[in-house]
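Scroll down for the structure; my scribbles are underneath it.
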There are 4 protein chains.
Amino acid sequence: MSIPSSTEPTANRFERRKERTRNGILRAAELVMAHKGVHATKVSDIAHRADIGVGTFYLHFETKEALFDAMVADTVRRLKDEIDEARRSVSGVIEQIRASTAALCRFASANREVFRVVFGHSGTYLRVVREAQELFAADIEVVLAEGMSQGLFTNVTPRLAAQAIIGMSTQLLAWCTEHADVPLAELEHTLNTLTLDGMCRAPA
Amino acid sequence: MSIPSSTEPTANRFERRKERTRNGILRAAELVMAHKGVHATKVSDIAHRADIGVGTFYLHFETKEALFDAMVADTVRRLKDEIDEARRSVSGVIEQIRASTAALCRFASANREVFRVVFGHSGTYLRVVREAQELFAADIEVVLAEGMSQGLFTNVTPRLAAQAIIGMSTQLLAWCTEHADVPLAELEHTLNTLTLDGMCRAPA
Amino acid sequence: MSIPSSTEPTANRFERRKERTRNGILRAAELVMAHKGVHATKVSDIAHRADIGVGTFYLHFETKEALFDAMVADTVRRLKDEIDEARRSVSGVIEQIRASTAALCRFASANREVFRVVFGHSGTYLRVVREAQELFAADIEVVLAEGMSQGLFTNVTPRLAAQAIIGMSTQLLAWCTEHADVPLAELEHTLNTLTLDGMCRAPA
Amino acid sequence: MSIPSSTEPTANRFERRKERTRNGILRAAELVMAHKGVHATKVSDIAHRADIGVGTFYLHFETKEALFDAMVADTVRRLKDEIDEARRSVSGVIEQIRASTAALCRFASANREVFRVVFGHSGTYLRVVREAQELFAADIEVVLAEGMSQGLFTNVTPRLAAQAIIGMSTQLLAWCTEHADVPLAELEHTLNTLTLDGMCRAPA
DNA sequence: TATGAATGAGGTTTCATTCAT
DNA sequence: TATGAATGAAACCTCATTCAT
């Protein structure tokens with residue numbers, strides 16, 4: 001027993017140290033990129049912020065782009081998990097949309113920096129981010145199509161509406177993470193209203 | 001007398017020629033940037049496409065950024081003119097929103113390349129573009145506030161809703177200019193529906 | 001007539017200037033590499049020696065390796081031309097070998113630096129140089145095979161003997177360019193003796 | 001007394017273990033360098049191949065260059081020992097040359113990798129290797145001078161002929177270790193023929 | 001002694017901008 | 001005015017070596 005318990009930690013000590021450094025780099029990258037923008041952020045900025053040498057950066061990520069890819073992949077996975085989880089807890093397309101919106105707002109609020117970096121204006125011109133948007137757009141499209149087939153939703157092209165909803169959500173949330181401290185409830189309300197009911201009191 | 005009359009046209013000829021070269025550069029920039037992205041476009045790419053020397057570029061624009069600024073400024077002015085014109089021809093906030101949407105869609109469709117560059121994913125990370133979005137957002141905010149004060153619109157924070165509408169519009173239109181050939185009417189319909197009526201058949 | 005004669009020089013002025021710079025870079029590279037070795041030579045060393053900016057280097061050569069390739073290709077071509085020319089002027093395999101040796105020695109003597117760089121110890125570890133050696137080895141192999149079929153030459157495997165002759169020649173000449181001022185005639189004599197008659201007075 | 005007798009073997013065990021690791025590193029270096037070339041071989045490649053940590057490498061060799069120096073020194077010593085041994089067993093300069101050639105070929109054949117690394121194209125640009133070549137060249141020079149003074153050899157400058165013979169031998173053997181499986185006897189024959197008798201049937 | 005993560009100097013390459021013609 | 005060769009600061013990335021465990 002003593003042997004496994006003494007060797008395993010040793011094997012893990014390296015692993016854990018490495019993991020800690022890697023996370024430090026990711027966190028530093030989020031902070032610097034949120035501040036200076038993805039493009040203007042140099043590898044040396046990140047290294048400096050993470051308090052490591054430049055070479056160490058390349059020990060953990062092949063290139064600067066690879067870091068960004070990892071960051072996007074990680075963020076997208078976490079956001080998708082939260083949204084999927086939220087949706088599983090309710091039924092009905094409308095409730096699902098509300099739940100998704102709520103999860104999205106919660107996520108953006110709890111992960112300001114990385115949300116700004118990944119979904120904000122500083123990142124959207126990158127391929128990986130557009131691919132991530134497509135992933136969410138595809139989910140939304142399915143929900144919209146379902147709602148239409150149930151007669152609950154107005155007939156618009158689901159693919160287009162999905163893009164519109166993605167655009168509205170990311171813009172609004174990115175804007176908020178960059179500007180005023182808007183209460184979560186207000187964000188959610190705005191998105192839900194526009195998505196579901198539109199601006200008009202009575203159908204226009 | 002004969003001298004002024006002969007020099008003025010000469011002066012104009014130069015002016016016109018200079019103007020033509022400048023426009024050639026702008027047009028070349030739009031095409032190359034729409035293709036390669038703002039960031040990946042080199043000054044030499046633009047010069048090559050415009051069929052001029054790199055040095056000539058700098059006779060017409062102080063820096064590469066100045067070109068982009070001019071491009072955005074020009075595009076924004078033209079788009080704003082068209083939207084303002086469209087809005088002047090109708091009355092009532094709802095009709096004004098419809099008219100704006102129509103003008104926006106028409107513009108995006110008629111100026112695909114430059115629209116992609118300025119409002120699409122490849123440019124939004126730049127300051128000037130964000131400022132341009134704010135300009136339009138401000139206009140929308142006014143309309144929304146007006147509509148609310150008239151009791152026509154649901155009560156949401158106008159500033160937030162304006163951002164959401166900007167995001168939805170630019171995303172959808174940029175997406176379309178990069179992807180499928182979607183009929184103008186369908187674009188307009190999608191935007192109007194979401195903005196005014198939301199997805200729900202009956203108020204949710 | 002005046003138009004062609006006035007425009008052509010203009011077109012050529014750029015060409016000539018560019019060509020001059022390119023040659024300056026090649027010459028600087030030969031000198032620096034002969035002094036410091038291929039591998040230890042930095043692009044900035046070459047640029048400094050050629051009295052140009054680093055960027056200018058890349059205007060003329062894609063990479064540092066490309067410069068070396070060009071240098072080898074150029075040197076090999078010139079050497080081959082001289083050897084071929086020399087061989088054309090005589091007949092009989094033995095005379096051809098003598099003529100080749102003479103041409104080789106003359107070339108090495110007239111192009112000390114570049115010979116050292118390309119065939120000397122500092123370059124031979126590079127692929128391009130080995131390929132160049134193979135080119136000359138192939139020529140030698142043909143001559144040897146011919147000499148054997150005519151009963152003039154001892155029977156050894158031509159391919160092996162060709163390699164040996166290449167090795168002897170490059171080593172001896174490279175050594176001489178790096179060391180003593182050995183008279184050309186002595187070099188030639190040594191190579192011819194070893195190649196054709198061997199060290200022994202009487203057949204061993 | 002018991003203490004010395006028990007510590008000595010212990011000390012030896014450590015010594016032996018250290019020696020084994022050191023040899024493992026040398027052997028790994030030979031294999032990797034023969035494959036990737038001296039210059040392209042990283043310390044981490046060697047460590048990986050020797051199945052040790054990078055840090056361990058530096059417990060056995062001061063620097064990467066020190067390893068290479070040791071490798072060359074070791075190889076040169078072993079080769080020199082074998083050649084000297086072979087020469088001691090015969091008398092007469094011609095026989096000594098034959099014996100040396102035979103020993104050289106045997107060595108190259110029995111130590112392919114390290115021969116390629118030290119005498120092949122991948123290493124000759126390094127100072128230590130050139131020095132090693134000079135060592136052998138000096139020996140050859142002596143033999144040649146002796147042969148001439150005995151009237152057995154043609155009169156050529158011994159120093160030059162020695163360089164030529166070194167070049168011919170290393171090139172041919174290195175080429176063979178990199179290419180075809182040429183029988184030892186054929187190698188020896190080619191080298192002896194060229195060195196002693198030259199290509200010509202009858203003196204040219 | 002053995003380890004492998006961390007280091008950072010040093011090299012390559014790019015491209016907006018200048019300048020001589 | 002038009003040109004395109006020249007410039008060099010600035011960014012990326014590598015790898016021999018060190019060091020804490």
Side-chain angles (χ1 to χ4, degrees), chain A residues 9-11 13-22 39-45 47-48 50-65, chain B residues 14 17-18 21 39-48 51-67, chain C residues 9-11 13-22 25 39-47 50-66, chain D residues 14 17-18 21 39-48 51-67:
Chain A
T10 307
R13 184 163 43 214
F14 280 123
E15 292 294 311
R16 276 200 310 268
R17 175 150 65 121
K18 203 167 180 178
E19 191 63 17
R20 223 181 308 135
T21 305
R22 189 190 145 97
H39 175 232
T41 298
K42 293 172 272 178
V43 170
S44 60
D45 292 333
H48 184 76
D51 200 26
I52 55 165
V54 234
T56 308
F57 177 94
Y58 287 95
L59 216 55
H60 293 271
F61 298 96
E62 293 255 313
T63 63
K64 187 179 141 180
E65 205 190 3
Chain B
F14 278 120
R17 186 166 131 201
K18 193 167 180 179
T21 304
H39 174 230
T41 298
K42 291 174 268 182
V43 171
S44 61
D45 291 334
I46 298 170
H48 183 77
D51 202 25
I52 56 167
V54 246
T56 309
F57 176 94
Y58 285 90
L59 293 175
H60 293 271
F61 297 95
E62 290 261 311
T63 64
K64 185 184 161 183
E65 206 191 0
L67 159 79
Chain C
T10 307
R13 187 169 34 222
F14 280 123
E15 292 294 310
R16 275 201 311 270
R17 173 150 65 121
K18 201 167 182 178
E19 191 64 17
R20 223 181 308 136
T21 304
R22 190 191 145 97
I25 293 172
H39 175 232
T41 298
K42 292 172 272 179
V43 170
S44 59
D45 292 334
I46 299 170
D51 200 27
I52 56 164
V54 236
T56 308
F57 177 94
Y58 286 92
L59 217 55
H60 294 271
F61 298 96
E62 294 254 313
T63 64
K64 185 180 144 181
E65 205 190 2
Chain D
F14 278 121
R17 184 165 134 201
K18 193 168 180 179
T21 305
H39 175 231
T41 298
K42 290 174 268 180
V43 171
S44 60
D45 292 333
I46 299 170
H48 183 77
D51 202 25
I52 56 166
V54 247
T56 309
F57 176 95
Y58 285 90
L59 293 176
H60 293 271
F61 296 95
E62 290 262 310
T63 63
K64 185 185 161 184
E65 207 188 0
L67 159 80

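So you know, we letter chains A, B, ... as the sequences are listed, proteins then strands, and number each from 1.
- Using modelled atom types, no side-chain atom of K18(B) and backbone atom of H60(B) make a donor-acceptor pair closer than 3.5 Å.
- The residue S44(D) sits apart from the nucleic acid: no heavy atom pair falls under 4.0 Å.
- Put simply, chain B comes within 4.0 Å of DNA chain E, heavy atom to any atom, from dC15(E) to dT18(E), going 5' to 3'.
- For the atom pair I52(D) CD1 and I46(D) CD1, the distance stands at 9.0 Å (nearest 0.5 Å).
- In this structure, L67(B) and V43(B) have side chains that are not in contact, with every pair of non-hydrogen atoms separated by 4.5 Å or more.
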Given Watson-Crick or G-U pairs with both distances under 3.5 Å, what dot-bracket string fits DNA chain F, with | for other-strand pairs and [ ] for crossing?
.||||||||||||||||||||
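- With K42(A) contributing its side chain and A47(A) its backbone, the two residues share no donor-acceptor pair below 3.5 Å.
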Which protein N or O atoms sit under 3.5 Å from an N or O of nucleotides 7-9 of chain F?
residue, atom, partner, partner atom, Å
dT7(F), OP2, G53(C), N, 2.7
dT7(F), OP2, T56(C), OG1, 2.6
dG8(F), N7, G55(C), N, 3.0

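- One interatomic measurement links the two molecules: NZ of K64(D) to P of dC15(F), which rounds to 9 Å at whole-angstrom precision.
- Between A40(B) and D45(B) the shortest heavy-atom distance is O-OD2, 3.9 Å.
- With the nearest nucleotide of DNA chain F identified for both K18(C) and K42(A), K18(C) has the one nearer the 5' end.
- F57(D) contributes atom CZ, which lies 15.5 Å from atom NE2 of H48(D) (distance to the nearest 0.5 angstrom).
- Within the 4.0 angstrom heavy-atom criterion, no nucleotide atom of any strand lies near H48(D).
- Looking at heavy atoms from C-beta onward, L59(B) lies out of side-chain contact with T21(B) at the 4.5 angstrom threshold.
- In terms of heavy-atom proximity, T63(A) sits nearest to Y58(A) at CA-CE2, 4.1 Å.
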